[in-house]
Participant: 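Structure incoming, see below.
Sequence positions, counted from 1, serve as the residue numbers for this chain. Atoms within each ligand, like the ligands themselves, are counted from 1 in listed order.
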Amino acid sequence: MIVSMKKGASREELDRVKQIIGKHKLKVHSMRGKERIVIGVVGVGSGASHCQQALEATEGVESVVRISAPYKFVSLETRKQPTRIAVGPAVIGGNGFTLMAGPCSVESREQLNAVAAVVAACGGKVLRGGAFKPRTSPYEFQGLGEKGLELLAEAGEKHKLATVTEVMDPRQVSLVAGYVDLVQVGARNMQNFDLLKELGGCKKPVLLKRGMSATVKEWLMSAEYLFAHGNRKVALCERGIRSFDTVTRNVFDVASAPVLRTLTHLPVILDPSHAAGRRDIVPALCFAAAAVGSDGLIVEVHPKPDEAMSDGAQSLTLQQFRAMAKKLEKFVSVMV
Ligand code: PEP
Ligand code: MN
């Protein structure tokens, strides 16, 4: 952290600044320039943020700039090797590329099994399916709840696929984690800090989706919450961010994958379905996700998208998914 004092700051103001830094158990390295004094503040830990706030409110201080990332555990500064996470029989991160797919919502045993069979046959490793759905309208299908979790676990076992589903409420973490291998935090809950804290104590890995208007830094801070509360099995998932243009549901920020490589050791999964909102361009975005060097994909697939209870417009048909997965292999083989 660098503290610039105002031109002509008094001796007392400088002493007060040093006192605040000392109180937070951080070290002072001051440099006296021609016009002003600049102080380098060195040290790690949770005291830095609090110290920054106190300094910003102190007389004589012009500016306070943080140099090292406010996230520690998830930063590349803390760990250089990529993190690999075991998800049931699958692995996310490291050298491989993990294909995850399934319907937006679990609707029935038949629907889920039809999709699971194709996902497994196409080299998919993780079956997705929502049981508790975050819907914009309270009148829309809210998911099958625990019945959906049962069907997902059953289909996963039958087709030897790991499973992922969303949890929306801290009170449901233990229920959901009891059924699936990977617990998803949806875009709308990326900054539900009580949910993140609860998941900190969960034994299952977490797929943390990016909030629809979240910066990369805010997203990493949410991952830091999971780590700080005890869960170090975290994968990030880019699912598109809001923009002015409605031609796609969101803007697919493929740049986030290589950007995150420069900031964090966590695996990065891309979700072209929620980014696009329309199935015609989903295959192209899947290939882009592989080409940009991500650790995997999560894609929505439905046997009859026009009858889907949610996100039908962006769901690939089984046939489209098969064709996409076949072509995807070529992109993956170049990258891994
Ligand atoms: C979903 O995975 O179906 C979902 C609701 O995703 P997101 O949180 O990215 O909108
Ligand atoms: Mn969906």
Side-chain angles (χ1 to χ4, degrees), residues 87 92 98-107 111-112 115 119 124 126-138 140-145 148-149 151-152 162-169 172 176 180-192 195-196 199 206-214 216 218-219 222-223 234-243 248-254 256-257 268-279 281-282 285-286 289 294 296-317 321:
V87 176
I92 299 180
T98 311
L99 178 58
M100 311 193 228
C104 178
S105 297
V106 175
E107 296 166 12
Q111 171 238 23
L112 198 56
V115 177
V119 171
V126 184
L127 179 65
R128 66 150 287 150
F132 295 97
K133 296 301 301 175
R135 304 307 301 277
T136 302
S137 163
E140 283 172 330
F141 179 59
Q142 304 285 307
L144 295 182
L149 298 176
L151 293 174
L152 184 62
T163 50
V164 55
T165 201
E166 175 165 356
V167 67
M168 297 197 291
D169 187 320
Q172 280 168 341
V176 171
V180 293
D181 301 301
L182 178 62
V183 180
Q184 174 176 318
V185 174
R188 291 155 192 80
N189 274 313
M190 187 203 84
Q191 285 188 317
N192 180 340
L195 179 61
L196 299 176
L199 284 164
V206 175
L207 183 67
L208 178 64
K209 286 197 154 194
R210 179 182 187 175
M212 54 190 86
S213 301
V216 166
E218 286 162 344
W219 189 11
S222 289
V234 180
L236 300 166
C237 178
E238 161 65 41
R239 45 77 74 203
I241 47 177
R242 278 241 164 121
S243 179
T248 53
R249 184 175 175 183
N250 290 291
V251 171
F252 194 28
D253 184 9
V254 278
S256 66
V268 183
I269 301 297
L270 298 188
D271 172 350
S273 306
H274 291 88
R278 43 186 275 193
R279 81 179 71 89
I281 61 168
V282 166
L285 301 185
C286 290
S294 67
L297 272 177
I298 184 160
V299 187
E300 287 186 340
V301 192
H302 198 287
K304 292 181 186 150
D306 50 345
E307 291 176 18
M309 303 294 282
S310 60
D311 286 351
Q314 67 199 32
S315 300
L316 296 179
T317 62
F321 178 74

Participant: Within a distance under 4.0 Å of any heavy atom of Gly186, pick out the atoms of ligand 1 and give their elements.
Facilitator: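 Counting from 1, the qualifying ligand atoms are 8 (O).
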
Participant: Are Val206 and Val185 packed together at the side-chain level, in the sense that at least one heavy-atom pair is separated by less than 4.5 angstrom?
Facilitator: yes

Participant: So is Cys104 in contact with ligand 1, going by heavy-atom distances below 4.0 Å?
Facilitator: yes

Participant: For the residue pair Gln314 / Arg249, report whether a side-chain donor-acceptor contact shorter than 3.5 Å exists.
Facilitator: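 Per modelled atom types, Arg249 and Gln314 side chains form a pair under 3.5 Å.
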
Participant: Hey, is ligand 1 close enough to Asp311 that some N/O pair sits below 3.5 Å?
Facilitator: no

Participant: Scan Gln184, Arg239, His274 and name whichever one has a side-chain contact (heavy atoms from CB on, under 4.5 Å) with Ile298.
Facilitator: Gln184

Participant: So which bit of Glu300 gets within less than 4.0 Å of ligand 1, heavy atoms only: side chain, backbone, both or neither?
Facilitator: side chain

Participant: Geometry only, no angles: is Ala187 polar-contacting ligand 1 at N/O separations under 3.5 Å?
Facilitator: yes

Participant: So which heavy atom in the protein is nearest atom 9 (O) of ligand 1, and how far is it from that ligand atom?
Facilitator: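 For atom 9 (O) of ligand 1, the nearest protein heavy atom comes out as Arg239 NE, 2.7 Å.
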
Participant: Is there a side-chain contact between Leu195 and Val167 in this structure, where contact means two heavy atoms from C-beta onward sitting under 4.5 Å apart?
Facilitator: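 Contact flag for Leu195/Val167 side chains = yes.
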
Participant: What does the angle at the Mn ion (ligand 2) come to, between atom OD2 of Asp311 and atom NE2 of His274, rounded to 10°?
Facilitator: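 Result: 90°, to 10°.
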
Participant: Round to 10° and report the angle made at the Mn ion (ligand 2) by SG of Cys104 and OE2 of Glu300.
Facilitator: 90°

Participant: Backbone or side chain, does any N or O of Lys209 fall under 3.5 Å from an N or O of ligand 1?
Facilitator: yes

Participant: How close does the nearest protein non-hydrogen atom get to atom 4 (C) of ligand 1, and which residue and atom is it?
Facilitator: His274 NE2, 3.3 Å

Participant: Provide the number and element of each atom of ligand 1 under 4.0 Å from a heavy atom of Lys133.
Facilitator: 1 (C), 3 (O)

Participant: For the 3.5 Å polar cut-off, considering only N or O atoms, please tell me whether Arg128 and ligand 1 meet it.
Facilitator: yes

Participant: When you compare the side chains of His302 and Asp311, does any donor N or O come within less than 3.5 Å of an acceptor on the partner?
Facilitator: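 Result is no, nothing qualifies.
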
Participant: Less than 4.0 Å between a side-chain N and a carboxylate O, is that true for Glu300 and Arg128?
Facilitator: yes

Participant: First locate atom CZ of Phe132, then atom CD of Gln172, and finally report the distance between them rounded to the nearest 0.5 Å.
Facilitator: 4.0 Å

Participant: With heavy-atom distances below 4.5 Å as the criterion, would you say the side chains of Ile92 and Ile269 are in contact?
Facilitator: yes

